[in-house]
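What follows is one structure encoded as C-alpha cells, with my remarks underneath.
Predicted, not measured: the structure shown is a model, and the values here were computed from it. So that the names make sense, note that chain A is the first sequence line, chain B the second, and so on, each numbered from 1.
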Amino acid sequence: METPYNFRKTTTVQELIDAHNSLEDGTGSGTTVSIAGRMMLRRDQGKIAFGVLQDGTGRIQLFAPTKVTPDFEKFVALNLGDWLGITGEVMKTKRGELSVKVEEWVVLAATQRPFPDKWHGISDPDTRYRQRYVDLWVTEEARKTFVLRSRLLSLTRKWLEDKSFMEVETPVFHPIPGGALAKPFETHHNALDIELYLRIAPELYLKRLVVGGFEKVFEIARVFRNEGLSSRHNPEFTMLELYEAYADWEDIMKLSENLIEYLAIELTGSPVVSFDGKELNLSAPWKRTPMVELIKEHTNEEVSLEMPIEDLQSLCNKLDIEFESEYGPGKLILEIYEKTVEPNLWDPCFVTEYPKEVSPLSRDHRAKPGFTERFEGIVAGREILNGFSELVDPNEQMDRFKEQIQKSESGDEEAMGLDSDYVRALEFGLPPTGGIGIGIDRLVMLLADVQTIRDVVLFPTLRPEQ
RNA sequence: GCCUCCGUAGCCAAGUCUGGUAAGGCAGCGGACUUUUAAUCCGAAGAUCGUGGGUUCGAAUCCCACCGGAGGUACCA
C-alpha cells in the first residue's frame with residue numbers, strides 16, 4: 001500500500017484538548033486542525049462513525065458522518081492500530097465529547113498485525129517486554145513510567161548543571177575493570193588483539209578527571225555486570241556517578257538527599273511518594289546511622305572490628321548467615337548488616353561507616369580506625385546509592401589494590417584488578433573529593449512505584465525467542 | 001545456579017485436581033444501525049492446546065525431558 005512520505009500536523013492531541021476543552025456541547029469551534037496518530041477504537045453507527053485516535057500526548061475522538069467524511073466506507077473499514085493523518089474542525093458532540101470532524105483523512109501506515117485486545121491489552125509479561133513497541137501503545141502505565149524516566153534524567157542533568165557540574169563521557173571498554181566489586185563482561189578487540197571489559201562502573205575514570213582539574217563532574221553511565229537477573233537486576237543498567245573536589249562525604253550526603261527530594265517533588269508533586277502500597281517520605285534530611293549501631297538496633301548484638309573473629313563467626317551462625325572462612329571482621333559485619341538490617345530499613349536512611357576491608361576506594365574514617373567515610377542510601381529496603389570521601393593517597397590505594405589481588409588469587413571473581421595507571425593519577429594529586437553513584441533504574445522504580453526493574457528498562461535482557 | 005508456579009487462536013481467557021477429543025469475549029471477515037464512549041445486534045470463520053517423548057482404547061488434562069516466562073533464593077546495584 002502506498003503511503004505518504006510525510007504528514008504536516010498542526011497540533012498534538014494534548015494541545016488540542018487544552019485549547020478547546022471549554023467548548024459547549026454540540027458546537028463547532030470553527031478551528032481546523034491536522035493531527036496524526038494511531039486508531040485505537042472505532043464505533044460505527046451506520047451513517048456515522050466514531051474513532052479514537054492516540055498520539056504521543058493523548059487520545060481524542062474522531063467524528064465521521066457520511067456527509068462529511070470522504071471515502072466513508074473505507075474509513076469504516078480501517079483496522080485498529082492503523083496510523084492516520086486527520087484534518088478537520090474541532091467540535092464537541094451532543095454527549096460532550098471533544099472530537100475532530102474527519103473532513104480529510106489519510107492512512108500513514110496500515111497495521112498488518114492485529115492489535116491486542118482493546119480492553120485487556122497485553123497481560124503476558126513476556127510479550128510486553130519482547131514487543132515493547134506494542135506495550136507502549138496499549139499500556140498507559142508503561143508509557144507513563146518511561147516518560148517519568150526520561151524526565152528524571154533531564155531534571156537530574158539540569159539540577160547538576162545548575163550547580164556547575166559538568167557532564168562527561170568516559171570509556172565503556174576498560175582494560176582493567178574497576179570501580180566496583182562485580183563480574184565483568186569480556187570482549188576482544190581484534191586490531192589491538194587485547195581483551196577488554198565492559199565497564200562495571202565509571203568511577204576510576206571520573207576521578208582521573210578530577211585529577212585533571214575538572215572539579216565537578218558527572219556521568220550518566222550505562223554499566224554492565226555479568227551476574228544473575230532478578231526483579232532488581234538487569235545485566236546492563238544506568239548509574240549516575242558524580243565527583244566533587246574539595247567535598248567530603250557529609251557534603252555528598254546532603255547533595256544526594258537534596259537531589260532525590262527535588263526529583264520526587266518535580267516528578268510526583270510531593271516529597272512523600274507511594275511505593276508498594278506504603279508511604280515513603282523522601283524529604284531531606286535523611287537519617288544517618290553508623291552500620292554497627294544499626295546492627296545493635298536490629299539484632300541487639302554488639303559487633304566491632306576488635307572482637308575476636310570467632311565471635312563474629314559464631315554470631316553469623318546464630319543469625320543463620322552464611323560466610324566463608326577467609327572473610328575478615330569487616331566483611332562479616334557487612335554480611336550481618338545486609339541480612340538483618342538492610343531489608344528492614346523502609347524510610348530513607350544513610351548507613352554510614354563501612355568497614356575498610358569492603359571499601360577499597362573509600363578514604364579512612366577521620367576518627368574511627370578500620371572504618372571508612374563511606375555511606376549507602378537505603379530506601380524501602382533497597383540500596384539506591386553509594387558514596388564516600390574518596391581515597392586520595394596513592395600509597396594507601398596501592399595497598400588496597402594489593403589486598404584485592406590477594407582476594408582475586410584466592411578465587412574471588414569480583415575482586416578488583418590492579419589499575420596502576422589510576423595509582424599514577426593519584427600520585428599527581430587528587431584533592432579531597434567526595435563522590436557518589438546512584439542507581440537510576442532503582443530510583444525510577446521508587447518514583448514510578450513499580451516493583452520490577454524490567455518495567456523501567458525499555459528493552460530488558462531476556463533469553464532470545466525460540 | 002537452585003526451588004516453586006505458569007505457557008490453550010493476533011490479544012483476553014474457561015477447561016487441567018476428577019482423561020472421553022477445546023467454552024466465551026476482543027480484534028479480523030460479511031451484514032444492520034445518523035451522536036457513540038470497551039457502542040450494540042445478527043452471521044460465518046479462526047487452535048500443531050510451548051516442543052518432543054511416554055502411559056492409556058483415548059491426553060490440553062497424568063508422567064519424563066527440553067524451550068520460554070514469572071515469583072522466590074544465591075551473587076550483586
Side-chain angles (χ1 to χ4, degrees), chain A residues 25-26 39-52 59-69 72 76-82 91-99 101 111-131 134-135 137-139 179-184 200-201 221 223-241 321-322 324 334-335 338-339 342 358 376-379 382-386 412-414 436-443 445 451-455 460 462-466:
Chain A
D25 295 358
M39 176 94 91
M40 301 305 285
L41 292 171
R42 210 188 60 242
R43 297 177 286 277
D44 306 333
Q45 291 283 308
K47 295 289 191 294
I48 194 166
F50 300 89
V52 171
R59 290 181 168 202
I60 186 82
Q61 174 164 279
L62 304 175
F63 179 76
T66 327
K67 288 184 181 162
V68 172
T69 301
F72 182 79
V76 164
L78 289 169
N79 287 332
L80 299 192
D82 284 344
M91 41 92 58
K92 208 168 228 179
T93 61
K94 285 180 197 165
R95 297 284 180 95
E97 185 77 21
L98 190 67
S99 308
K101 203 183 285 181
T111 178
Q112 295 180 29
R113 291 176 180 265
F115 240 50
D117 190 287
K118 67 186 178 187
W119 181 247
H120 297 100
I122 310 177
S123 67
D124 180 14
D126 191 25
T127 309
R128 291 190 47 224
Y129 302 142
R130 288 188 197 280
Q131 298 176 232
V134 180
D135 184 40
W137 274 99
V138 302
T139 312
L181 304 171
K183 277 176 250 172
I200 55 175
V223 299
F224 309 85
R225 298 189 184 176
N226 205 341
E227 290 155 357
L229 291 77
S230 80
S231 59
R232 297 179 195 183
H233 303 264
N234 197 58
E236 53 179 307
F237 63 101
T238 302
M239 218 159 70
L240 165 67
E241 281 203 9
I321 295 167
E322 290 179 25
E324 309 278 337
L334 180 69
E335 290 292 321
E338 283 183 347
K339 297 293 186 291
E342 194 172 283
V358 294
E376 287 195 355
I378 309 298
V379 182
R382 299 134 191 261
E383 178 191 340
I384 65 160
L385 58 87
N386 176 21
D412 185 348
E413 288 182 274
E414 291 172 355
I436 193 180
I438 301 181
I440 292 295
D441 310 83
R442 288 183 176 180
L443 187 56
M445 286 170 67
Q451 302 303 318
T452 169
I453 197 169
R454 293 183 196 86
D455 284 337
L462 299 173
R463 271 206 175 77
E465 283 181 272
Q466 293 163 359

May I have the distance from A:Glu338 (atom CD) to B:U73 (atom P), rounded to whole angstrom? 14 Å

Grab the CZ-C1' distance between A:Arg232 and B:C75 for me, whole Å please. 14 Å

Looking at B:G69, I'd like to know if its phosphate oxygens (OP1 or OP2) sit under 4.0 Å from a side-chain N or O belonging to A:Arg463. yes

Heavy-atom distance under 4.5 Å between the side chains of A:Lys118 and A:Arg42, does that happen here? no

Does B:C75 have a Watson-Crick or wobble mate here (both distances under 3.5 Å), and if so which one? none

Distances under 3.5 Å only, N/O to N/O: pair up the protein atoms with those of nucleotides 43-49 of chain B.
none

Stepwise side chain to side chain contact (heavy atoms under 4.5 Å, CB included) test for A:Glu338 and A:Ile321: CA-CA 10 Å; A:Glu338 283 183 347; A:Ile321 295 167; over 6 Å; no

Could you tell me whether A:Asp25 contacts a base, only the sugar-phosphate backbone, or nothing, with contacts defined as non-hydrogen atoms closer than 4.0 Å? nothing

Taking the same atom, P, in B:U8 and in B:G52, what whole-Å distance lies between them? 16 Å

Nearest 0.5 angstrom please: A:Leu334 CG to A:Glu342 CD, how far? 8.5 Å

When you measure only distances, ignoring hydrogens and angles, does the side chain of A:Gln45 come within 3.5 Å of the base of B:U35 through a donor and an acceptor? no

Describe the nucleic acid contact of A:Ser231 in one word from base, sugar-phosphate, nothing, applying a heavy-atom distance below 4.0 Å. sugar-phosphate

Show the numbers, then the answer: is there a side chain to side chain contact (heavy atoms under 4.5 Å, CB included) between A:Asp25 and A:Lys94? CA-CA 5 Å; A:Asp25 295 358; A:Lys94 285 180 197 165; over 6 Å; no

N/O contacts under 3.5 Å, protein versus nucleotides 50-52 of chain B?
none

Can you tell me, in whole Å, how much space there is between the C1' of B:G10 and that of B:C42? 24 Å

Contacts of A:Lys47 and A:Ala77 projected onto RNA chain B by closest heavy atom; the upstream (5') one is A:Ala77

Take atom NZ of A:Lys118 and atom C1' of B:U40, then tell me their distance rounded to the nearest Å. 10 Å

To the nearest 0.5 Å, how far apart are CZ in A:Arg232 and CE in A:Met445? 7.0 Å

Is there a Watson-Crick or G-U wobble partner for B:C17 with both distances under 3.5 Å, and which nucleotide is it? none

Spacing of A:Glu241 atom CD and A:Asn386 atom CG [to the nearest 0.5 Å]: 8.5 Å

Taking B:A38, B:C11, B:U37 as options, the one with an atom nearest any side-chain atom of A:Leu41 is B:A38

Measure across A:Pro116 and A:Val134 and return the closest heavy-atom pair with its distance rounded to 0.1 Å. CG-CG1, 3.4 Å

Could you walk me through whether A:Asp441 and A:Thr238 pass the side chain to side chain contact (heavy atoms under 4.5 Å, CB included) check? CA-CA 6 Å; A:Asp441 310 83; A:Thr238 302; 3.8 Å; yes

Rounded to the nearest 0.5 angstrom, the CD-CD1 distance for A:Glu376 and A:Ile436 is 10.0 Å

Just checking A:Gly437: base, sugar-phosphate only, or nothing, at a heavy-atom cut-off of under 4.0 Å? nothing

Tell me whether the OP1 or OP2 atom of B:A13 has a side-chain N or O from A:Ser123 closer than 4.0 Å. yes

Could you tell me whether the side chain of A:Phe63 reaches within less than 4.5 Å of the side chain of A:Glu97, counting heavy atoms only? no

Ignoring hydrogens and geometry, is there a side-chain-to-backbone donor-acceptor pair from A:Ser99 to A:Lys101 under 3.5 Å? no

Nearest whole Å is fine: how far is B:G30 P from A:Asp44 CG? 12 Å

Scan A:Arg59 against the nucleic acid and name what it touches under 4.0 Å (heavy atoms): base, sugar-phosphate only, or nothing. nothing

Base, sugar-phosphate, or nothing: which does A:Phe63 touch, judged by heavy atoms less than 4.0 Å apart? base

Which atom names give the shortest non-hydrogen contact between A:Phe224 and A:Ile200, and what distance separates them? O-CG2, 3.3 Å

Provide the Watson-Crick or G-U wobble partner of B:A32, both distances under 3.5 Å; none if there is no partner. B:U40

What's the closest nucleotide to the A:Lys339 side chain, out of B:U34, B:C75, B:A38? B:C75

Grab the NZ-P distance between A:Lys183 and B:G1 for me, whole Å please. 12 Å

Provide the distance between the two P atoms, one in B:G72 and one in B:C57, to the nearest whole Å. 44 Å

Could you measure between the two P atoms, the one in B:G1 and the one in B:U61, and give it in whole Å? 27 Å

A:Ile48 CD1 to B:U40 C1', in whole Å, measures 15 Å

Looking at every strand, decide which applies to A:Arg42 at a 4.0 Å heavy-atom threshold: base, sugar-phosphate, or nothing. sugar-phosphate

When you match A:Thr93 and A:Val52 each to their closest nucleotide on RNA chain B, which lands nearer the 5' end? A:Thr93

If you restrict it to nitrogen or oxygen atoms, what contacts under 3.5 Å exist between nucleotides 2-10 of chain B and the protein, and what is each distance?
none

CG on A:Asp126 to CD on A:Gln131, rounded to 0.5 Å: 9.0 Å

Distance col, row A:Trp119:CH2 vs A:Leu41:CG, nearest 0.5 angstrom, shows 9.5 Å

Taking any heavy-atom pair under 4.0 Å as a contact, classify A:Leu462: base, sugar-phosphate, or nothing. sugar-phosphate

In this structure, how many angstroms lie between the P atom of B:C26 and the NE2 atom of A:His120, rounded? 11 Å

Any strand is fair game: report the nucleotide pairing with B:C5 by Watson-Crick or G-U wobble, both distances under 3.5 Å, or none. B:G69

Roughly how far apart, to the nearest Å, are B:U51 and B:G68 at atom C1'? 10 Å

Whole-angstrom distance between B:C49 and B:A13, as gauged at atom C1': 13 Å

Span that lies between the P atom of B:C26 and that of B:G43, in whole angstrom: 13 Å

Report which part of the nucleic acid A:Asp124 touches: base, sugar-phosphate, or nothing (heavy-atom distance under 4.0 Å, all strands). sugar-phosphate

After noting the C-alpha distance and the side-chain angles of A:Phe115 and A:Met39, does the key distance pass the side chain to side chain contact (heavy atoms under 4.5 Å, CB included) rule? CA-CA 10 Å; A:Phe115 240 50; A:Met39 176 94 91; over 6 Å; no

In whole angstrom, give the distance that lies between atom CD of A:Glu414 and atom P of B:A74. 14 Å

Taking B:A27 as the reference, what is the distance to B:G20 when you measure between their C1' atoms (whole Å, please)? 33 Å

